[in-house]
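Index from 1, following the sequence.
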Amino acid sequence: YLSPNKPIEVMVVAESSGSGYIALTVEVNGVTRLNSALTTAPESGYHAWVTFIVPPNTTYKVTIGGTASSILKTWTEIR
């Protein structure tokens, strides 16, 4: 995504649909800024989240990974 000409705050929440861990990786302008917010999920329904500020006029993305099957639960941007 490309941010507008003002900073924005982004919050992403992932939910596990199985056991394992959830990893969230944040990239801003192709550079990893936060590498993993982890939670051990003994079963489905556990959450991992990350909140970060995106500078003006930059690209950003969040990748969901880990050993647990995970789904994107929430993506919120405050502009």
Side-chain angles (χ1 to χ4, degrees):
Y1 298 100
L2 178 63
S3 70
N5 58 358
K6 296 180 181 179
I8 62 172
E9 181 180 15
V10 179
M11 182 185 78
V12 177
V13 179
E15 180 179 84
S16 69
S17 57
S19 62
Y21 74 93
I22 304 168
L24 299 174
T25 302
V26 174
E27 289 183 29
V28 177
N29 274 349
V31 177
T32 300
R33 297 294 181 187
L34 177 63
N35 193 10
S36 298
L38 303 174
T39 183
T40 300
E43 56 192 44
S44 64
Y46 283 76
H47 298 89
W49 65 91
V50 63
T51 301
F52 58 99
I53 303 294
V54 180
N57 303 310
T58 58
T59 58
Y60 60 101
K61 75 175 185 176
V62 177
T63 305
I64 301 171
T67 59
S69 296
S70 305
I71 59 169
L72 175 64
K73 188 71 172 177
T74 305
W75 183 290
T76 304
E77 296 180 356
I78 299 173
R79 295 174 177 258

Novice: Work out which heavy atom in Tyr46 is nearest to a heavy atom in Ile22; give both atom names and the distance.
Specialist: O-CD1, 3.8 Å
Novice: Looking only at heavy atoms, what is the nearest atom pair of Ser70 and Gly65, with distance?
Specialist: OG-O, 4.4 Å
Novice: Could you tell me which non-hydrogen atom of Thr67 sits nearest to which non-hydrogen atom of Gly20, and how far apart they are?
Specialist: OG1-CA, 3.3 Å
Novice: Got a donor-acceptor contact below 3.5 angstrom from the Ser69 side chain to the Ser17 backbone?
Specialist: no
Novice: Go through the steps for Thr59 and Asn29 under the test side-chain hydrogen bond (donor to acceptor under 3.5 Å, both in side chains), then give the verdict.
Specialist: CA-CA 5 Å; Thr59 58; Asn29 274 349; 3.3 Å; yes
Novice: Is there a side-chain contact between Pro7 and Pro55, using heavy atoms and a 4.5 Å cut-off?
Specialist: no
Novice: Using 0.5 Å steps for rounding, measure from the CZ atom of Phe52 to the CD atom of Glu27.
Specialist: 10.5 Å
Novice: Please evaluate residues Thr32 and Thr25 with respect to the criterion side-chain contact (heavy atoms from CB on, under 4.5 Å), reporting the C-alpha separation (whole Å), side-chain torsions for both, the decisive distance (0.1 Å), and the verdict.
Specialist: CA-CA 7 Å; Thr32 300; Thr25 302; 3.9 Å; yes
Novice: Taking side-chain contact (heavy atoms from CB on, under 4.5 Å) as the criterion, tell me which of Ile8, Ile53, Val26 meets it with Tyr60.
Specialist: Ile8
Novice: Do the side chains of Glu9 and Thr51 get nearer than 4.5 Å, heavy atoms only?
Specialist: yes
Novice: Does any part of the side chain of Val12, heavy atoms only, come nearer than 4.5 Å to the side chain of Leu72, both counted from C-beta?
Specialist: yes
Novice: Look up atom OG in Ser16 and atom NZ in Lys73, then write down how far apart they are to the nearest 0.5 Å.
Specialist: 10.5 Å
Novice: Would you indicate whether the side-chain heavy atoms of Trp75 and Val10 approach each other to under 4.5 Å?
Specialist: yes
Novice: Before you tell me yes or no, could you show the steps for Met11 and Thr74 under side-chain contact (heavy atoms from CB on, under 4.5 Å), namely the whole-Å CA-CA distance, both residues' side-chain angles and the distance that decides it to 0.1 Å?
Specialist: CA-CA 8 Å; Met11 182 185 78; Thr74 305; 4.1 Å; yes
Novice: Could you state whether Ile64 and Ile71 fall into the same hydrophobic cluster, counting links through intermediate Ile, Leu, Val, Met, Phe, Trp or Tyr residues with side-chain heavy atoms under 4.5 angstrom apart?
Specialist: no
